[in-house]
There are 2 protein chains.
Amino acid sequence: MAHQTETHAWDPELVPSAAGRTARPEPDCPVEVALAAVAGRWTTLVLRELMRGPHSFGELREGLPQISAKVLTERLHTLRERGLVEQHRLPGFPVRTRYTLTPAGRALRPLLVELYRTGSVLAGHEPRA
Amino acid sequence: MAHQTETHAWDPELVPSAAGRTARPEPDCPVEVALAAVAGRWTTLVLRELMRGPHSFGELREGLPQISAKVLTERLHTLRERGLVEQHRLPGFPVRTRYTLTPAGRALRPLLVELYRTGSVLAGHEPRA
DNA sequence: CGGAATCCTATCGGATACTG
DNA sequence: CAGTATCCGATAGGATTCCG
């Protein structure tokens, strides 16, 4: 037995590494990192569209007709800052852009699937799991 | 082939049911339901503590020394409203309370595990998955 | 001990109008 | 087409103080 002041016996499934044993919402806690990635209104819907493949700014607005240009721009900026989305400007006129998920962005897929599954369970529409 | 105006070919893994085929952040979309359950600063930490077993109000504050009474109260109220947590007042003086997860609350465990895993991947501390 | 009541600031997100 | 700029109302959440 070590000489630690053990207040907690950490559940190894829930908190498998030291990064999660925080007393506050630390930005580098894995749970916070993942939550930050999908945080904000419309974010998961933008990700859902991009999971289908590359989209232009206008195509994203077609898929999500009620999102404002401001919020969409904001979400895309944040996703790019986090390395989840890439922007490519296509040459020519009028200007065309192409937003694609990065490998890190595609890594969010299992989380989105799990969010859907858990939400279904909570709502009582349990799929079958 | 049906006579639908199919704009999307929905990914059956990502959007397995009609409830997820929304053009806006609908509150009854399963993803929104799950996000709502863990939304808000401190919420996942409160859930982490309760996953260990029942806690009193003060015990929760001991585990999370920096949370204010106001925010903790608020989180517990919201979690109770959503049917994820139950409160029991113990008789005697001074007053004692006991917060426990409901079955629905315990159903959040796989989501928390997945959040941790995804966050670890994004941060580059990939566990092994 | 276990909260409720106030107050106050920061950020979020929607609407609208304008630009390269 | 693909954004930017500005304004503005609504919450979120932290600090502090008080109550049963």
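Residue numbers start from 1 in every chain, and the chains themselves are labelled A, B, ... in the order their sequence lines are given, proteins ahead of strands.
Distance, B/W42 CH2 to D/dG14 C1': 11 Å, rounded to whole Å. Here C/dG2 presents its C1' atom at 14 Å from CD1 of B/I67, a figure rounded to the nearest Å. Computed from coordinates, the A/L72 CG to D/dA5 P distance equals 16 Å when rounded to whole Å. Per the geometry, CD belonging to B/E62 stands 13 Å off C1' belonging to C/dG2, to the nearest Å. In this structure, CZ of A/R75 is placed 16 Å from C1' of D/dG3, rounded to the nearest angstrom. Distance CZ (B/R24) to P (C/dG13): 15 Å, rounded to an integer number of Å. Put simply, CZ on A/F93 is 13 Å from C1' on D/dG3, counting in whole angstrom units. At whole-Å resolution of the value, CZ in B/R41 and P in D/dA15 are 10 Å apart.
In this structure, B/M51 and B/L108 have side chains that are in contact, with non-hydrogen atoms separated by less than 4.5 Å.
Here the CD-CG distance, from A/Q66 to A/L72, works out to 13.5 Å after rounding to the nearest 0.5 Å. The CZ atom of A/R75 sits 9.5 Å away from the CZ atom of A/R41 when rounded to the nearest 0.5 Å.
Between A/A37 and A/L79, the closest heavy-atom pair is O-CD2, 3.9 Å. When every heavy atom of B/E26 is checked against every heavy atom of B/E32, the shortest pair comes out as O-CG, 3.1 Å.
Residue B/Q87 has its side chain nearest to C/dG3 when only D/dG3, C/dG3, D/dG13 are considered. Picking from D/dA2, C/dG2, D/dT4 the nucleotide with the shortest atom distance to the side chain of A/S56 gives D/dA2. Minimum atom distance to the side chain of B/T73 is reached by C/dA4, of the listed D/dG3, C/dA4, D/dG14.
Taking only side-chain nitrogens and oxygens, B/H77 never comes nearer than 4.0 Å to OP1 or OP2 of C/dG3. Distances shorter than 4.0 Å separate none of the side-chain N or O atoms of B/T97 from OP1 or OP2 on C/dC1.
Both A/V95 and A/S68 lie close to DNA chain C; mapped to their nearest nucleotides by heavy-atom distance, the more 5′-ward contact belongs to A/S68.
Counting distance only, with no hydrogens placed and no angle test, the side-chain atoms of B/K70 and the base atoms of C/dG3 include no donor-acceptor pair under 3.5 Å.
Residue-level contact check: A/R61 touches neither bases nor backbone, having no heavy atom under 4.0 Å from any strand. Among the atoms of the strands shown, none is found under 4.0 Å from any heavy atom of A/E59.
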